[in-house]
Amino acid sequence: MRSFEELNLSPELARAIKDLGYESPSPIQVQALPILLAEPTDFIGLAATGTGKTAAFGIPLLEQIEPGKKQVQVLILCPTRELALQVTGQINLLGKYKNVNALSIYGGASYREQINGLRSGSQVVVGTPGRVIDHLERGILDISKVKTIILDEADEMISMGFKDDLETILQAATGESCQTWLFSATMNKDVRRVADNYLFQPKFVQVNRTEMLSTTVEQVFYRTRESDKPEILCKIIEAADNFYGLIFCQTKNLVMDLTQYLSNRGYRVDSLHGDKTQKDRERTVQAFRDRRVSILVCTDVASRGLDVKDITHVINYSLPRELEVYVHRIGRTARSGKTGTAISLVTPSHRDLVARIERHTKTRMEEGIVPTRKEIGIKKVAKMLTPFQAQKNYARAIELLTPEWKNVIAQMKAEEIVGRFLGVMSPEIFENQERGKPLQAHVAADSQARRNRRGKWKQDSRNRR
Ligand code: AMP
């Protein structure tokens with residue numbers, strides 16, 4: 001199956017898919033849709049958020065709904081309110097021509113609205129397990145006629161302590177031939193146990209991480225010389241909307257030098273490398289999670305197991321030689337349904353790696369054009385407009401102006417006053433000179449280290465001989 005047309009979907013769904021702009025099915029959809037659209041069956045799909053899994057179960061569930069019947073026909077369980085809302089939104093978009101209503105029910109929100117929603121006959125309920133149980137116990141939610149239960153992010157729900165709630169709900173779904181579809185990013189023993197106990201001969205599909213990345217991570221490369229990397233890196237960071245990212249380097253010396261360089265240029269940056277103690281690393285990761293630090297420069301080994309949400313960028317300051325390492329690095333962005341950008345700084349000697357990565361990840365890497373200082377300046381100044389407009393204390397500030405001030409500004413146009421203020425407050429935007437020393441120290445040190453290594457290797461091989 002390569003296209004949505006091959007699935008013979010109802011015209012209502014085909015139209016909604018077109019409206020959403022989905023041109024071709026994502027890898028999980030390619031595998032899951034033909035199964036879930038065919039016979040009723042229990043099902044396990046191993047796929048993370050961001051792979052298109054919502055449509056993978058949303059399309060078939062919408063096809064089986066009887067819109068005329070105003071009763072709960074499908075129950076989708078999600079670990080968080082955010083995911084529940086996201087899934088509800090997608091089901092409603094996909095089901096808009098089918099006249100199907102999805103309703104979210106989650107903790108922390110008013111019961112009244114949810115009760116009204118349930119009474120109005122929503123056919124699809126998307127809820128967090130705790131609140132679903134509340135409504136079941138109050139007799140407001142009836143899932144006895146439910147035909148399909150979907151466990152979305154089953155591993156997350158279990159790790160958040162919802163295992164018993166899940167079991168209670170699965171036991172309450174007593175409908176004849178009720179099918180259960182379980183989606184999970186990972187298959188650990190707890191997920192396996194739930195599947196073994198509640199799913200009957202489930203069909204199974206899985207998409208691997210490389211396939212997932214191709215749909216969620218935008219991959220861009222910049223051609224550069226080694227000595228231009230620091231400057232290009234800064235431009236990329238400054239041109240991004242709200243950079244929150246990881247920068248990978250091959251050696252810990254480079255990590256340390258680059259961190260120092262970025263810190264000198266005023267970025268909130270920290271590093272993870274092998275010379276740091278465990279405690280130090282934990283402190284750094286916490287600072288990054290709390291966004292006190294927005295850039296983390298790291299080696300592959302030191303960042304192993306790092307799982308931080310909402311990372312916008314992963315930068316390969318040095319490209320790894322192993323493709324799996326590349327995939328592992330860029331998989332740190334685009335988590336939890338978000339998209340992300342992976343940027344690689346590519347020197348002429350690494351050009352061949354781009355084609356290899358493209359083949360491996362089955363995606364094209366776009367070549368990026370380094371933004372000019374002017375473009376970055378326009379962007380930065382544009383960002384100041386909202387806080388400028390929201391400024392409430394300006395009347396009190398005016399009271400502080402001395403006659404000299406008033407005299408000086410009386411001669412100026414508004415643009416000149418704004419321009420001068422921007423220059424005083426953010427001089428770096430308008431500087432012609434590049435700030436900070438170039439990374440010459442590390443470049444020199446790095447090539448010295450290479451020479452030393454080469455010398456040592458020769459020495460070693462002489463010794464071996
Ligand atoms: P999900 O994994 O369900 O959270 O989906 C991640 C994002 O991919 C959502 O924004 C979907 O709208 C989008 N999406 C799902 N299927 C497709 C598709 N076949 N083509 C393009 N985008 C898609």
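Computed over heavy atoms, backbone and side chain alike; hydrogens, waters and symmetry mates excluded. In each ligand, atom 1 is the first atom listed, and ligand 1 is the first ligand listed.
Side-chain polar atoms of Glu167 and Tyr198 form a donor-acceptor pair below 3.5 angstrom. Under 3.5 Å, the side chains of Gln179 and Thr41 contain no donor-acceptor pair of N or O atoms.
Under 4.0 angstrom from ligand 1, there are no non-hydrogen atoms of Phe183.
The ligand atoms of ligand 1 that sit less than 4.0 angstrom from a heavy atom of Ser26 are 19 (N). Heavy-atom contacts of Thr54 reach the following atoms of ligand 1: 1 (P), 3 (O), 4 (O) (cutoff under 4.0 Å). Atom numbering of ligand 1 starts at 1 in the shown order; those under 4.0 Å from a heavy atom of Ser24 are 18 (C), 19 (N), 20 (N).
Electrostatic pairing of Asp275 and Lys252 counts as a salt bridge here, judged by a charged N lying under 4.0 Å from a carboxylate O.
The only member of Ile357, Leu353, Leu319 that meets side-chain contact (heavy atoms from CB on, under 4.5 Å) when paired with Val346 is Leu319.
Other residues, nucleotides and ligands contribute more than 12 heavy atoms inside 6.0 Å of the OH atom of Tyr111.
Between Phe4 and ligand 1, a contact under 3.5 Å exists for no N or O pair. For Tyr22, a nitrogen or oxygen atom sits less than 3.5 Å from a nitrogen or oxygen atom of ligand 1, counting backbone and side chain alike.
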